[in-house]
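Beneath this line is the structure, given in structure tokens, with notes to follow.
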Amino acid sequence: MSPFNFDKARRLQDILAQKIRLEPLNRPLKFIGGADFAASETQGKIAAALIVLDAIFLEIVDKVILIKRINFPYLPGFLCFREGPVFLSALKKIKFPPSVWFIDGNGLAHPRHLGLASFVGVMADIPTIGCAKSAFFPYEEPDNFRGSFTIYRDRKGDQVGYCLRTRTGVKPLFVSPGHKVSFEDALFLTLEFSRFRLPEPLRLAHFLARQIFKS
DNA sequence: GCGACAG
DNA sequence: ATCTTGTCGC
């Protein structure tokens, strides 16, 4: 049993964060992906649920579930080491790679600017957007209608994303670029593909994930 | 030093 | 994340 080396993990995150590319999404939007996760502590297993949708009709074109043994506990700020490896394994089984992935968690919006979405984005060199359901940093509440947003900043005051109301009367999302997308892409694409609170691929991946360890 | 802290 | 029924509102 080797105890987790926090300093080493932080240094790795710092190195990977330097590799993040913030740039407009260049490829056409044919497919869009969503990834969510579920864990069973009793079984000691963690699962990734990946969904790929047609970007126009929002029909499922690809679906992958992959289960691994849990090798890491949940620690705020280190989620990528728990859920990242399962996603990267599942990604290899995807037959129709999407133009962009919506990931359940943060991208840039992270104490060291390397949330789960940025981690998997850099590791696999794919465009990713982080969509978190709760905040890492203090934030200003956007107006209570769909499309309203505020700038989301880290503790130093630098922008790391947006606090976005994807649906009127519902709690906002914390949206941040993961990799190979711009701030504007992260904002507009998340809003564009959200009929309910979560962007549609993420919502479906969430349903799929929560099924895995039930019954 | 203390509390807060994605899932 | 998860434990958990009915209930209120659009």
Side-chain angles (χ1 to χ4, degrees), chain A residues 4 6 9-10 12-13 16-17 20 34-51 65-88 90 101-123 128-139 144-147 152-156 158-179 186 190 194-199 201-203 205-215:
Chain A
F4 183 64
F6 285 94
R10 287 190 193 94
L12 176 57
Q13 288 180 320
L16 293 178
I20 295 173
D36 195 10
F37 306 85
S40 166
E41 295 295 340
T42 57
Q43 295 182 43
K45 289 179 177 176
I46 186 158
L50 277 55
I51 290 277
I65 289 175
L66 198 135
I67 300 175
K68 268 186 179 314
R69 281 210 313 255
I70 293 180
N71 64 337
F72 203 78
Y74 169 68
L75 297 171
F78 300 93
L79 182 64
C80 63
F81 297 112
R82 176 180 170 89
E83 298 187 342
V86 202
F87 173 86
L88 295 173
W101 284 98
F102 293 94
I103 306 291
D104 183 44
N106 286 304
L108 266 192
H110 178 277
R112 286 168 299 282
H113 294 172
L114 194 89
L116 174 63
S118 292
F119 176 86
V120 299
V122 168
M123 293 297 288
T128 57
I129 295 170
C131 295
K133 298 181 290 298
S134 62
F136 239 129
F137 307 116
Y139 63 96
N144 194 13
F145 55 85
R146 172 181 157 85
Y152 189 35
R153 302 178 183 281
D154 64 16
R155 297 205 134 81
K156 289 200 299 189
D158 295 333
Q159 179 176 8
V160 289
Y162 300 93
C163 180
L164 171 64
R165 189 88 59 185
T166 50
R167 182 164 190 175
T168 300
V170 170
K171 288 200 308 175
L173 285 186
F174 301 88
V175 178
S176 59
H179 186 50
T190 300
S194 296
R195 300 182 52 180
F196 303 100
R197 187 184 181 213
L198 295 174
L202 208 41
R203 192 175 72 93
H206 185 68
F207 286 137
L208 187 56
R210 60 173 291 181
Q211 283 279 115
I212 297 174
F213 293 116
K214 284 202 169 183
S215 91

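Residue numbering restarts at 1 for every chain, and letters A, B, ... go by the order of the sequence lines.
- At the phosphate of B:dG7, OP1 or OP2 sits under 4.0 Å from a side-chain N or O atom of A:Lys133.
- For the pair A:Arg203 and A:Phe102, the cation-pi test (distance below 6.0 Å, angle within 45°) is failed.
- A:Asp154 and A:His113 share a donor-acceptor pair across their side chains, judged by distance under 3.5 Å alone.
- As a whole-Å value, the separation of A:Tyr74 OH from B:dC5 P is 10 Å.
- Nucleotide B:dA4 holds its C1' atom 14 Å from the CZ atom of A:Phe78, rounded to whole Å.
- Across all strands, A:Gly77 comes closer than 4.0 Å to base atoms (heavy-atom distances).
- Contact annotation for A:Ala38: no contact, since no heavy-atom pair falls under 4.0 Å across all strands.
- Side-chain proximity of A:Phe136 to the nucleotides C:dA1, B:dG7, B:dC5 is greatest for B:dC5.
- Distance, A:Leu116 CG to B:dC5 C1': 16 Å, rounded to whole Å.
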Derivation and outcome, side-chain hydrogen bond (donor to acceptor under 3.5 Å, both in side chains), residues A:Gln13 and A:Arg112: CA-CA 7 Å; A:Gln13 288 180 320; A:Arg112 286 168 299 282; 2.6 Å; yes
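- A:Thr168 has no side-chain polar atom (N or O) that falls below the 4.0 Å cut-off from OP1 or OP2 of C:dC10.
- In this structure, A:Phe81 places its CZ atom 22 Å from P of B:dC5, rounding to the nearest Å.
- The aromatic ring centroids of A:Tyr139 and A:Phe174 lie less than 6.0 Å from each other.
- A:Phe102 has its CZ atom 22 Å from the P atom of B:dA6, to the nearest Å.
- Residue contacts for A:Ala132: at a heavy-atom cut-off of 4.0 Å it reaches the sugar-phosphate backbone alone, with no base atom in range.
- Rounded to whole angstrom, the span from the CD atom of A:Gln43 across to the P atom of C:dT2 amounts to 13 Å.
- Atom CZ in A:Phe196 sits about 12 Å away from atom C1' in C:dC10, given to the nearest Å.
- The number of heavy-atom neighbours closer than 6.0 Å to NZ of A:Lys45, taken from other residues, nucleotides and ligands shown, is 12 or below.
- One interatomic measurement links the two molecules: CG of A:Asn106 to C1' of B:dA4, which rounds to 15 Å at whole-angstrom precision.
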